[in-house]
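Reading through the structure tokens given below for one structure.
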Amino acid sequence: MNKAFRYRLYPSSEQAILINKTFGCVRFIYNQMLANRKTIYEQYKDDKEALKQQKYSLPAAYKNQFEWLKEVDSLALANAQLNLNTAYKNFFRDKSVGFPNFKRKHRDRLSYTTNNQKGSLRLIDSKTIRLPKLKDVRIKLHRQLPLNSTIKSATISQTPTGKYYIAILVEFEAKLEPITPTVESTLGLDYSSKSLVIDSEARSADYPRFYRNAEAKLKKEQRKLSKRLKGSKNRNKQRRKVAKLHEKVANQRKDFLHKLSRQIANAYTAVAIEDLNMRSMAQGLNLAKSTNDNGFGMLKTFLAYKLAEQGKQLVKIDKWFPSSKQCHYCKNLFVELTLADRTWSCKHCGAEIDRDINAAINIKNEGCRILGIA
């Protein structure tokens, strides 16, 4: 099994300078290779056979022209090339992903990835990690890596507040015994804009809406930021204040979702959940703040790996499945149901139905059918 563990890094001032140089070099190489690909395409786009025979530039080709690229980790530059290749594959696989864009210094995430080669990346002790080019860096190892695990790679990143983190990817043997789900131990989850999710047992997650709670303070600090002179020290100080507020909201959301997903994963053998397109929902229903604040997509990700680690299953139900419009008693469809209708009466059996609970039960039943345990 492969799994990543994220820790806080505390580099010295010299190490921080080299890390920031690496961020810049990785961004530069990525942009140079992307520009090279675009130039070749424009030159040979009318001749597909000639286009296929063209060779794109590699990171090593730029080192003679730009000597400062030799200062940083060569594997970080090589991984930038792999990231560009992945971006191209994702675009041709799904056009909605969008064509690869040039990376920008002040907008894109500051990070780079390096690999472990013959022990170049390893833990020295509980407070120190050895990294290529950086040597020994202080680390906050708040939890241990799995026993007998092998470090494969590491991604070093910096947050907008100036904190450094490292995500260590390890490979280890895990004894997974698949657990056979039952109807009783299967849970259905329906998305709710107000409370994040409603489950098939009529319980609400009661999401605290962290962004909404911090919105007034954010507005005040962002208003101050807009009045600061660009490039000034005061603007940078204010930018960090705003970034800290956003980081706090993100950490609160992530903490809540981790605890909720762990509670569900431990209590049930299978979970059925709708495979919704949250981006489209945010844009199309004028619910961007609530949708993005909920972090429903993050909850699905957390549930998927936490259930898989225990040999359990996450079943994704098609987004077009009529979970809200179908009566879970008699399976009759109420086609006229609108988003404003929170309760409705079934015309076939006369049952009084709560929209969200009904949808959660239908999602559970559909999940059981897919698992073959209905």
Side-chain angles (χ1 to χ4, degrees), residues 4-43 53-90 100-125 127-139 150-160 162-171 231 236:
F5 295 83
R6 190 168 183 252
Y7 302 100
R8 178 83 182 273
L9 275 184
Y10 294 91
S12 65
S13 56
E14 293 82 6
Q15 290 169 335
I17 289 171
L18 185 53
I19 289 174
N20 292 333
K21 279 185 179 180
T22 309
F23 291 153
C25 291
V26 166
R27 183 176 60 250
F28 175 81
I29 282 291
Y30 185 95
N31 289 342
Q32 288 292 318
M33 290 189 294
L34 178 57
N36 174 252
R37 287 194 176 211
K38 285 187 172 184
T39 302
I40 291 175
Y41 176 77
E42 289 297 327
Q43 187 175 353
Q53 295 174 3
Q54 296 303 310
K55 292 184 178 180
Y56 300 113
S57 59
L58 301 175
Y62 296 98
K63 288 188 177 181
N64 293 330
Q65 184 179 358
F66 306 101
E67 291 287 331
W68 38 269
L69 289 174
K70 297 178 181 179
E71 295 181 39
V72 302
D73 186 4
S74 60
L75 290 173
L77 305 182
N79 280 305
Q81 179 194 358
L82 295 178
N83 291 340
L84 180 60
N85 292 339
T86 302
Y88 264 88
K89 288 178 183 177
N90 290 340
N101 293 320
F102 290 104
K103 292 189 178 294
R104 294 173 290 182
K105 182 177 181 180
H106 299 291
R107 290 292 181 93
D108 287 286
R109 182 170 177 259
L110 298 175
S111 69
Y112 74 87
T113 300
T114 186
N115 302 93
N116 184 15
Q117 288 191 332
K118 298 180 180 179
S120 61
L121 177 62
R122 66 183 187 274
L123 286 171
I124 303 299
D125 53 44
K127 295 182 179 180
T128 312
I129 186 170
R130 176 72 54 84
L131 295 173
K133 290 285 185 177
L134 296 171
K135 304 274 178 85
D136 294 348
V137 186
R138 195 155 65 93
I139 186 174
T150 303
I151 296 177
K152 307 296 289 184
S153 64
T155 299
I156 293 89
S157 60
Q158 185 185 24
T159 64
K163 297 175 184 176
Y164 292 93
Y165 288 90
I166 182 170
I168 304 174
L169 180 66
V170 297
E171 184 180 71
N236 191 45

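Only heavy atoms go into these numbers, but all of them, side chains included; no hydrogens, no water, no symmetry mates.
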Open item on the list: Working note: I168 + I129, criterion side-chain contact (heavy atoms from CB on, under 4.5 Å); need CA distance, chi angles, decisive distance, verdict.
Closed with: CA-CA 11 Å; I168 304 174; I129 186 170; 3.7 Å; yes

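If you take CZ on F28 and CH2 on W68, they are separated by 4.0 Å, rounding to the nearest 0.5 Å. Residue I29 holds its CD1 atom at 12.5 Å from CG of N79, rounded to the nearest 0.5 Å. Distance check, rounded to the nearest 0.5 Å: OH of Y7 to CG of L123 gives 7.5 Å. From I156, atom CD1 reaches atom OH of Y165 across 14.5 Å, with rounding to the nearest 0.5 Å.
For Q81, there are no side-chain hydrogen bond (donor to acceptor under 3.5 Å, both in side chains) partners at least two apart in sequence or on another chain. Residues passing the side-chain hydrogen bond (donor to acceptor under 3.5 Å, both in side chains) test with D125 are T128, sequence neighbours excluded. Residues passing the salt bridge (charged side-chain N to carboxylate O under 4.0 Å, His left out) test with K70 are E67, sequence neighbours excluded. Partners of K163 according to the side-chain hydrogen bond (donor to acceptor under 3.5 Å, both in side chains) rule, which considers only residues two or more places apart in sequence or in another chain, are E247. In this view, K21 and E71 satisfy the salt bridge (charged side-chain N to carboxylate O under 4.0 Å, His left out) rule, not counting sequence neighbours. Partners of R107 by side-chain contact (heavy atoms from CB on, under 4.5 Å), not counting sequence neighbours, listed by chain and number: R104. In terms of the side-chain contact (heavy atoms from CB on, under 4.5 Å) criterion, residue partners of S12 (sequence neighbours excluded) are, by chain and number, E14, Q15. In terms of the ring pair (Phe, Tyr, Trp, His ring centres under 6.0 Å) criterion, residue partners of F23 (sequence neighbours excluded) are, by chain and number, Y112. Residues satisfying the side-chain hydrogen bond (donor to acceptor under 3.5 Å, both in side chains) criterion with N36, sequence neighbours excluded, are S57. Remark: N101 pairs with no residue by the side-chain contact (heavy atoms from CB on, under 4.5 Å) rule, at least two apart or across chains. Not counting sequence neighbours, E171 has no partner by the salt bridge (charged side-chain N to carboxylate O under 4.0 Å, His left out) test.
Closest non-hydrogen pair, R8 versus Y164, comes out as CD-O, 3.5 Å. Taking both residues in full, the closest heavy atoms of F102 and A35 are given as CE2-N, 3.8 Å, listed atom of the first, atom of the second, then distance. Between I166 and A154, the shortest heavy-atom distance links the atoms CD1-CB, 3.8 Å. In this structure, L69 and L77 approach most closely via the heavy-atom pair O-CD1, 4.0 Å. Here the closest heavy-atom approach between residue R27 and residue L110 is recorded as NH1-CD2, 4.0 Å. For the pair S153 and L121, the tightest heavy-atom approach, listed with the atom from each and the gap, is C-CD2, 3.7 Å.
Within a 6.0 Å radius of NZ in K152, no more than 12 heavy atoms belonging to other residues, nucleotides or ligands are found. Annotation: Y41, atom OH; neighbour count of heavy atoms from other residues, nucleotides and ligands within 6.0 Å does not exceed 12.
Residues S74 and K63 are in side-chain contact: their nearest non-hydrogen atoms beyond the backbone lie under 4.5 Å apart. Using a 4.5 Å heavy-atom threshold, the side chains of I19 and Q158 count as separate. Looking at heavy atoms from C-beta onward, I151 lies out of side-chain contact with L169 at the 4.5 angstrom threshold.
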Taking only distance into account, with no hydrogens and no angle test, what donor-acceptor pairs under 3.5 Å do side-chain atoms of residues 132-139 form with protein atoms, sequence neighbours excluded?
residue: D136; atom: OD1; partner: R130; partner atom: NE; Å: 2.3
residue: D136; atom: OD1; partner: R130; partner atom: NH2; Å: 3.1

